[in-house]
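First up is the structure itself, then whatever we jot down about it.
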Amino acid sequence: MDKMVIEGGFPLVGEVSIGGSKNASLPIIVSSIMFDEFDSEIDNVPGLEDIKTIKKLLTSLGAEIKESDEPDKLVINTSGINNYDAPYDLVKTMRASVLVLGPLVAKYKKARVSLPGGCAIGARPIDFHLNALRSLGAVVEVDHGYVEVHADKLKGAVINFPIPTVTGTENIIMAATLAEGTTIIKNAAMEPEVDDMIFALNNGGADIKRVEQSIIVVNGVKKLRRLCHRVLPDRIEAGTFMTASAITKGDIVLKNINVQHLKAIIDKLSEAGAKIIINSSSQLRVKGSKAIKSVDISTAPYPNFPTDMQAQMMALMTLSGGLCVVTENVFENRFMHVAELIRLGANIKVRNNFAIVKGVQKLSGAEVMATDLRASASLILAGLASSDGLTTVSRIYHLDRGYEKMEEKLSNLGAIISRVKENDIPVVDEPDFNGSACSKSA
Ligand code: UD1
């Protein structure tokens, strides 16, 4: 198991290029199940563990993932799909594996998918997905830890999600794409990743419209043509690097982003004192402030502040000049990073779904453990800002699920960070006046 070793206290300076969105890639990759006539081509797919998992899952269904000269391009042939089971070992590694339900039922009228069970950030049931599939006419049974779905045919229906669900909305859009008639999805998720999938499907012959902000209408079509899409940039990776600049009082230019999707993050970081300069629709610069201001954060579905940025923002608030409240409204148990941030010297108290963060003068390096994907990012950020001692973040496999070459990108910005094997003695170079950290941050 790998660990990340960080010597913090240096401002990050330079340019970083943001990769394609993990959460858009996953549904778009699985939607290839419905495009079996031609190879599907998907560009700007990040090289992440979650992407490897979804590729494994598609391969296990009988799809062929072809080699491509471009590292971030996937070419998928789904004409050989002859298995409709998503097994426990894949679903437990990544709950987004449940996304195969929609396209498998749409195309083959059957699917068997392991129930994902709980995860570090909460119970995360899939009852909304299953009830919506029932509304489309599918028979859904849960047996021995598996969901079995079959249908003679799917028929359009009105679906009203109790609360917006991102993968639930994506699953039902895919199921409705080849259904008979029209499906109206009310209280649909508004995340840009959902719209990216809709764009990809429409280009391939689907008929899907967001008629109001939270209402999506899917007119079923008989047949799809060809899936060929470039995935949108990852707004959470972008937000994480923006926060890295703010917490290290650095100066980072982010390239290959979609500024429009970052509004809630830009607003909060600006309130916290960072200077954000928008260079273009795909590039911005974040200059950290010497004095971080405390700001309250409350997570909610898009376009509000994303739960996937809560842990990173909390790391920033640990060094603010005052007191703030971080409220988590999406997942019930998404404060696993708190105990670890406290190990680095933070002052945080959790009450139910809110955390009271009192800014401290400094964080100090310590050994900490990543508990989930975004918690890992938060600990890396806190480690980069710790002004004395080394920070060692273990269980870094969580980070690898959602960040590509994180340590390489951070090193290029002047961070002193290295990946070591669990039993290796950490070797971290002293900052070199001719080398990365000091010269870049001067
Ligand atoms: C997606 C994202 C994840 C992000 C989350 C919220 C992907 C692959 N993952 O996860 O990174 O943190 O959106 O923005 O896109 N719920 C139910 N029953 C259901 C479905 C959801 O109760 O059937 C609840 C969840 O427990 C949660 C809320 O609804 O409290 C929203 O979850 P949801 O939007 O479904 O999250 P995911 O799609 O799993």
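Whatever order the structure lists ligands and atoms in, that order sets their numbers, starting from 1. The chain is numbered in sequence order, starting from 1. Only a predicted model underlies this, so the values are computations on that prediction, with no experimental measurement involved.
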Contact atoms of ligand 1, heavy-atom distance to [X] under 4.0 Å:
X: Thr307; value: 6 (C), 12 (O), 14 (O)
X: Thr167; value: 7 (C), 8 (C), 15 (O), 37 (P), 38 (O), 39 (O)
X: Ile126; value: 19 (C), 23 (O)
X: Ala96; value: 8 (C)
X: Arg95; value: 39 (O)
X: Arg334; value: 12 (O)
X: Val330; value: 27 (C), 30 (O), 31 (C)

Ligand 1-proximal atoms of [X], by part, heavy-atom distance under 4.0 Å:
X: His129; value: both
X: Ile163; value: side chain
X: Val166; value: both
X: Thr165; value: both
X: Pro125; value: both

**Asked** Charged N to carboxylate O below 4.0 Å: is that the case for Lys110 and Glu148?
**Response**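 A salt bridge is absent here (no side-chain N lies under 4.0 Å from a carboxylate O).
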
**Request:** Determine, for Glu41 against Lys73, whether the closest basic-nitrogen to carboxylate-oxygen distance falls under 4.0 angstrom.
**Result:**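 Yes, this pair counts.
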
[X] N/O to ligand 1 N/O under 3.5 Å:
X: Phe128; answer: yes
X: Leu26; answer: no
X: Asn23; answer: yes

**Asked** Applying the salt bridge (charged side-chain N to carboxylate O under 4.0 Å, His left out) test to Glu37, which of Lys223, Lys107, Arg225, Arg226 qualifies?
**Response**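 Going through the options one by one, the only one that passes is Lys223.
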
**Prompt:** Which class fits the ring pair His261 and Tyr302: parallel under 30°, tilted 30 to 60°, perpendicular over 60°?
**Reply:**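 It falls in the perpendicular class, over 60°.
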
**Asked** How close do Val91 and Pro116 get, heavy atom to heavy atom, and via which atoms?
**Response**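 So the minimum-distance heavy-atom pair works out to CG1-CA, 3.8 Å.
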
**Request:** Looking only at non-hydrogen atoms, find the nearest pair between Ala63 and Ile76 and report the distance.
**Result:**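 Nearest pair, atom of Ala63 first, then Ile76: CB-CG2, 4.4 Å.
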
**Message:** Would you say Asp39 and Asn77 are linked by a side-chain donor-acceptor pair, where the criterion is simply a distance under 3.5 Å?
**Reply:**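 Result is yes, a qualifying pair exists.
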
**Asked** Of Val357, Leu381, Thr243, which meets side chain to side chain contact (heavy atoms under 4.5 Å, CB included) against Met314?
**Response**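 Answer to the side chain to side chain contact (heavy atoms under 4.5 Å, CB included) test with Met314 among Val357, Leu381, Thr243: Val357.
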
**Asked** So do Ser298 and Phe305 actually touch side chain to side chain, heavy atoms under 4.5 Å?
**Response**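 A side-chain contact is absent here, since even the closest heavy-atom pair is not under 4.5 Å.
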
**Message:** Just so I know, are the side chains of Ile266 and Leu284 near enough to count as touching, which here means a heavy-atom distance under 4.5 Å?
**Reply:**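 Yes - at least one pair of side-chain heavy atoms lies under 4.5 Å apart.
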
